[in-house]
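I have placed the structure first, in the form of structure tokens, so that the comments after it can refer back to it.
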Amino acid sequence: MPPPTRPTLTIAPGHPDFLDLPWDRPLGEWDSPRLIDLPKGVSRHLVRFLAYDRVIYVVKELPVAAARRDYEVLRALAGKERLLAVPPVGLVEGRHPDHGAETSAALITRYLEFSFSSRELLQGAGFGERRNQMLDAFAGLLVELHIAGCFWGDCSLSNVLYRYDAEAVDTIMVDGETAVLHDQLSNGQREEDLAIMIVNVAGGMADIAAAQGIPIDDADLWLGEDIATRYRNLWSELSRVETIGPDERYKITERIRRINELGFDVKELDLIPSPGGDRLALQVRVGGRNHHTSRLKSLTGLEVSEWQARQILSDLHYYQAQNADSGVSKSVTAVHWRVSQFEPTLTRLRTIEGISDPVQAYCDLLHYRYLKSVDAGFDIGTVTALEQWLSDGRPGYVLRG
């Protein structure tokens, strides 16, 4: 028999040491009181959830090489402007003498509150009314990863977590064990990643159809092609080179505004003179998809996801317009808005049974307020809108267990 091994743990600061867990035993045999049951998607590896006080962690069991790559990729992506992947917490090695054994290592990540798998988003044979938002978000995540130089290598529906983000859907990468980081991806590498995604998504939809008893001919096997089309359209919009004349400098502002509307920040602008002419080639170097998130944080200190930030910023601007004649600066008005409007409403929402994500509920309330104000022909106000929204059964807010 091989000699017994002694597990070694690498844990990021600010988290438990996890030394109370039986790392010398396979994950499936654990009976720790910290184990909790939560919904989870399809995974090739065993995954279990742990509770430490009010924080939930995810432990995934896998071979050493895969665990190391997964951990390093997630660590690298954690340094990006926006949350692209699940936050890595720790790596456990030396659990089995054979490094190729499934039980030889484990990856610890932080559980993402309010997240869910693709299968939880399904309604019947399709993705219901959130289908387009989900596919746009999926394509957008792949664009962001490619901008960051990340070749995924195993992009699929089950390797992504989803969260409601105002009227959109946010997507986060889960598995990085097949990913490779580069300074920059070539067009060939990007297309290879898309080809892998198309095949994986078709296989995933076939599995879902089989599980639901749906004939394979009725399965949405072309869903990956739809995602690829959305990806290519977005990539083209972000990377296209525009030629402007000497009297068309306003197009620079228009280009930046368009990229910001898509949620992306602009890192650099390259203005390249054309040979023998007075025209300029405008090329934009795009940053992370966190333009509105960064703007809201700088004004108010609030940290929310991108599309939530967009909608909450609209509410802030609405409040600033109402108080434009007060003589108070916009920065001070932003503080007043948070203290007198946002926080009291959020506190009320937290007390309502069935609302687990108060920020998302606030965004749904803002949309409801807008629709009711249009119907009434005047601004009905947040307080009135909240009472009506609750009376109408909280339209837009999705109940989650």
Side-chain angles (χ1 to χ4, degrees), residues 11-16 18 34-43 47-60 74-75 77-78 80-90 107-121 130 133-134 137-138 140-141 144 157-176 288-290 292-293 296-297 300-312 342-343 345-366 394 396-401:
I11 306 297
H15 299 281
F18 302 103
R34 296 196 181 278
L35 289 171
I36 59 174
D37 290 324
L38 289 173
K40 57 186 176 183
V42 177
S43 175
V47 173
R48 301 191 76 175
F49 302 95
L50 302 165
Y52 280 80
D53 295 327
R54 296 185 178 181
V55 180
I56 300 175
Y57 296 93
V58 185
V59 177
K60 179 172 65 174
L74 295 182
R75 283 185 62 197
L77 293 176
K80 301 301 178 183
E81 296 92 341
R82 189 182 82 84
L83 181 66
L84 297 178
V86 291
V89 172
L107 176 72
I108 307 172
T109 57
R110 182 157 181 171
Y111 176 76
L112 290 181
E113 201 173 13
F114 314 127
S115 64
F116 51 93
S117 69
S118 59
R119 297 201 177 202
E120 293 177 78
L121 195 61
R130 289 277 188 172
Q133 293 98 316
M134 179 266 183
F138 196 102
L141 174 63
E144 287 187 88
L157 295 177
S158 59
N159 283 347
V160 175
L161 285 176
Y162 307 84
R163 293 189 296 191
Y164 292 121
D165 184 7
E167 296 176 49
V169 174
D170 190 20
T171 43
I172 303 101
M173 174 187 184
V174 177
D175 291 320
R289 199 172 199 174
N290 64 329
H292 299 94
T293 300
L296 181 65
K297 184 177 180 180
T300 67
L302 295 172
E303 293 190 56
V304 299
S305 53
E306 175 62 19
W307 290 91
Q308 288 175 341
R310 180 193 293 253
Q311 196 155 14
I312 294 172
F342 180 76
E343 294 292 355
T345 305
L346 213 64
T347 299
R348 173 80 188 281
L349 291 170
R350 288 192 182 101
T351 66
I352 298 171
E353 185 178 357
I355 293 182
S356 59
D357 187 349
V359 174
Q360 178 60 35
Y362 188 86
C363 292
D364 294 327
L365 170 63
L366 294 181
R394 301 177 299 210
Y397 186 79
V398 179
L399 288 174
R400 292 186 43 72

Q: Go through the structure and list residues passing salt bridge (Lys or Arg N to Asp or Glu O under 4.0 Å) with Arg350, not counting sequence neighbours.
A: none
Q) Do Thr345 and Leu365 come close enough that some side-chain heavy atom pair is under 4.5 Å? A) yes
Q.
If I take atom CG from residue Asp37 and atom CZ from residue Arg48, how far apart are they, to the nearest 0.5 angstrom?
A. 7.5 Å
Q. Is there a side-chain contact between Leu141 and Ile172, using heavy atoms and a 4.5 Å cut-off?
A. no
Q | For Thr293, side-chain contact (heavy atoms from CB on, under 4.5 Å) partners two or more places apart | A | Asn290, Glu306, Ala309
Q) Does the side chain of Tyr57 come within less than 4.5 Å of Pro16's, by heavy atoms? A) yes
Q) Angle class for the Tyr52/Phe18 ring planes (parallel below 30°, perpendicular above 60°, tilted otherwise)? A) perpendicular
Q) What do you reckon, is CZ of Arg34 surrounded by more than 12 foreign heavy atoms closer than 6.0 Å? A) yes
Q) Which distance, rounded to the nearest 0.5 Å, do you find between the CD1 of Ile312 and the NE2 of His292? A) 12.0 Å
Q: State, yes or no, whether a side-chain contact exists between Leu38 and Val58 at a heavy-atom distance under 4.5 Å.
A: no
Q | Straight-line distance of Gln360 CD to Ile355 CD1, nearest 0.5 Å | A | 10.5 Å
Q | Heavy-atom check, side chain of Ile352 versus side chain of Arg394, under 4.5 Å | A | yes
Q | Distance-minimising heavy-atom pair for Val174 and Val86 | A | O-CG2, 3.7 Å
**Q.** Shortest non-hydrogen separation from Ala85 to Leu77 and the atoms involved
**A.** CB-CD1, 4.0 Å
Q) What residues form a side chain to side chain donor-acceptor pair (under 3.5 Å) with Glu343, not counting sequence neighbours? A) Arg338
Q: State, with a plain yes or no, whether a side-chain heavy atom of Leu302 is found less than 4.5 Å away from one of Phe342.
A: yes
Q.
Between Met173 and Leu84, is there a side-chain heavy-atom distance shorter than 4.5 Å?
A. no
Q | Contact summary for Val89 and Thr109, nearest pair of heavy atoms | A | CG2-C, 3.8 Å
Q | Residues in salt bridge (Lys or Arg N to Asp or Glu O under 4.0 Å) contact with Arg310, at least two apart in sequence or another chain | A | none
Q | Heavy-atom check, side chain of Met134 versus side chain of Leu157, under 4.5 Å | A | yes
Q: Using the side-chain contact (heavy atoms from CB on, under 4.5 Å) rule, take Leu35 and Leu50 through it: C-alpha gap first, then chi angles, then the decisive distance, then the call.
A: CA-CA 5 Å; Leu35 289 171; Leu50 302 165; 3.4 Å; yes
Q) Does Arg163 have any salt bridge (Lys or Arg N to Asp or Glu O under 4.0 Å) partners at least two apart in sequence or in another chain, and if so, which? A) Asp170
Q) Nearest 0.5 Å, what's the OH-CD distance between Tyr362 and Gln308? A) 12.0 Å
Q | side-chain contact (heavy atoms from CB on, under 4.5 Å) partners for Pro87, two or more places apart | A | Leu83, Arg110, Leu112
